[in-house]
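Reviewing the structure listed below.
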Amino acid sequence: MYLVTVLGNLLIILAVSSDSHLHTPMYFFLSNLSLADICFISTTVPKMIVDILTHSRAISYVGSLTQMSFLIIFGCMDDLLLTVMAYDRYVAICHPLHDPVIMNPHLCVFFVFVSLLLSLLESQLHNLIILQFAYFKNVDIYNFCCEPAQILNLDCSDSFIKNIVKYFVGAIFGLFPISVILFSYYKIVSSILQIPSPGGKYKAFSTCGSHLSVVCLFYGTSVGMYLGSAVSHSPRKGVASSVMYTIVTPMLNSFIYSLRNRDIKNSLRMLHSEKVYVRT
């Protein structure tokens with residue numbers, strides 16, 4: 001699953017970078033999303049494979065903080081990039097004539113930079129909370145990785161700063177992205193319904209199908225994981241939710257965008273035919 005995820009997302013990045021027809025804001029954000037997915041799954045699975053081979057499940061204090069930090073950074077990058085992609089689809093469908101002006105290359109790079117900056121900020125906020133703990137040692141975590149929610153649960157105190165940070169993070173990376181995505185698709189659906197021909201409606205909505213599928217998969221697994229951990233205290237269910245969120249979702253993202261997207265499939269066919277032509 002790890003190799004499939006890395007290979008699938010690398011193929012998407014290669015297809016977008018090699019085909020000039022795909023040098024658009026949507027595919028620029030898609031290539032960054034694929035890179036974030038590669039880094040996201042690489043923070044957990046290689047360590048898990050080493051643990052399986054060495055029959056050792058221990059991780060150092062510094063290693064746990066490092067893994068948790070990268071998990072937060074690239075998970076938040078996924079969250080914010082999906083939000084920006086929803087806004088890009090809204091501009092492309094609802095304001096097609098102004099799309100090249102609004103979604104210019106400088107703004108696209110700025111969106112990615114801000115997404116990375118906010119992700120780094122969120123990671124550092126978690127670290128500041130956890131570094132206030134006493135130095136913990138020989139603690140059992142019922143998961144295959146240092147999942148942020150479980151690390152934070154090691155602190156039994158109910159401090160004011162901790163609650164403020166939790167609400168701030170929930171608003172920035174939960175409420176705000178979901179609101180932007182819902183508002184964007186509300187406007188998109190309203191614009192599509194005004195198109196007279198069924199073929200035009202299908203063509204307009206087909207450009208959003210892959211993104212909408214990935215959004216449902218990402219938020220369905222992540223929200224399900226946190227709600228499940230809050231309702232049920234079963235360690236087995238928590239691990240299953242984490243596997244879906246950290247491993248299965250990045251793998252399926254590459255399949256969704258490569259199998260449901262005609263432009264990506266055409267670009268990959270062109271790459272394959274060029275390699276065959278060079279070999280012959």
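Other members of the hydrophobic cluster containing Val189, listed by chain and number, are Leu193; membership follows side-chain contacts under 4.5 Å among ILVMFWY residues, whether direct or relayed. The other members of the hydrophobic cluster of Val180, by chain and number, are Phe176 (side-chain heavy atoms under 4.5 Å, ILVMFWY only).
Atom CD1 in Ile247 sits 11.5 Å away from atom CG in Leu252 (nearest 0.5 Å). The CG atom of Leu14 sits 11.5 Å away from atom OG of Ser31, with the distance rounded to the nearest 0.5 Å. Put simply, OH on Tyr185 and CZ on Arg89 are 8.0 Å apart, with the number rounded to the nearest 0.5 Å. Rounding to the nearest 0.5 Å gives a distance of 10.0 Å between CG of Asn253 and CE of Met251. A distance of 9.0 Å separates CG of Asp99 from OG1 of Thr24, quoted to the nearest 0.5 Å. Note that OG of Ser123 is 8.5 Å distant from NE2 of His126, once rounded to the nearest 0.5 Å.
Applying the ring pair (Phe, Tyr, Trp, His ring centres under 6.0 Å) test to Phe28 and every residue at least two apart in sequence or in another chain returns nothing.
Side chains of Gln67 and Ile59 form a contact here, defined as non-hydrogen atoms less than 4.5 Å apart.
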Show me the side-chain donor-acceptor pairs of residues 68-88 shorter than 3.5 Å, one per line, residues at least two apart or across chains.
from  : atom 1 : to     : atom 2 : distance (Å)
Ser69 : OG     : Leu65  : O      : 2.7
Ser69 : OG     : Asn127 : OD1    : 3.2
Ser69 : OG     : Asn127 : ND2    : 3.0
Asp79 : OD1    : Tyr219 : OH     : 2.3
Thr83 : OG1    : Asp79  : O      : 2.9

Run the side-chain donor-acceptor check on residues 38-52: report pairs under 3.5 Å with partners two or more places apart or on a different chain.
from  : atom 1 : to    : atom 2 : distance (Å)
Ser42 : OG     : Tyr2  : OH     : 2.9
Ser42 : OG     : Ile38 : O      : 2.6
Thr43 : OG1    : Phe40 : O      : 2.6
Thr44 : OG1    : Ile41 : O      : 3.4
Lys47 : NZ     : Asp51 : OD1    : 2.6
Lys47 : NZ     : Asp51 : OD2    : 3.1
Lys47 : NZ     : Ala58 : O      : 3.2

Donor-acceptor contacts under 3.5 Å from residues 103-117 side chains, at least two apart:
from   : atom 1 : to     : atom 2 : distance (Å)
Asn104 : OD1    : His106 : N      : 3.1
Asn104 : OD1    : Leu107 : N      : 2.9
Asn104 : ND2    : Val101 : O      : 3.0
Asn104 : ND2    : Ile102 : O      : 3.3
Ser115 : OG     : Phe111 : O      : 2.8

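The same ILVMFWY cluster, assembled from side-chain heavy atoms under 4.5 Å apart, contains both Val214 and Leu10. Hydrophobic clustering places Ile12 together with Phe255 (ILVMFWY residues linked when any side-chain heavy atoms are closer than 4.5 Å, directly or through intermediates). Note on Tyr186 and Leu175: separate hydrophobic clusters, where clusters join Ile, Leu, Val, Met, Phe, Trp and Tyr whose side-chain heavy atoms are under 4.5 Å apart, directly or indirectly.
Minimum heavy-atom separation, Pro250 to Asn9: O-ND2, 3.6 Å. Smallest separation of non-hydrogen atoms from Cys208 and Ile93: SG-CD1, 3.3 Å. Nearest approach of Leu97 to Pro100, heavy atoms of both residues: O-CD, 3.8 Å.
In this structure, His21 places its NE2 atom where only 12 or fewer heavy-atom neighbours from other residues, nucleotides or ligands lie under 6.0 Å away.
Aromatic pair Tyr90/His95: ring centres closer than 6.0 Å.
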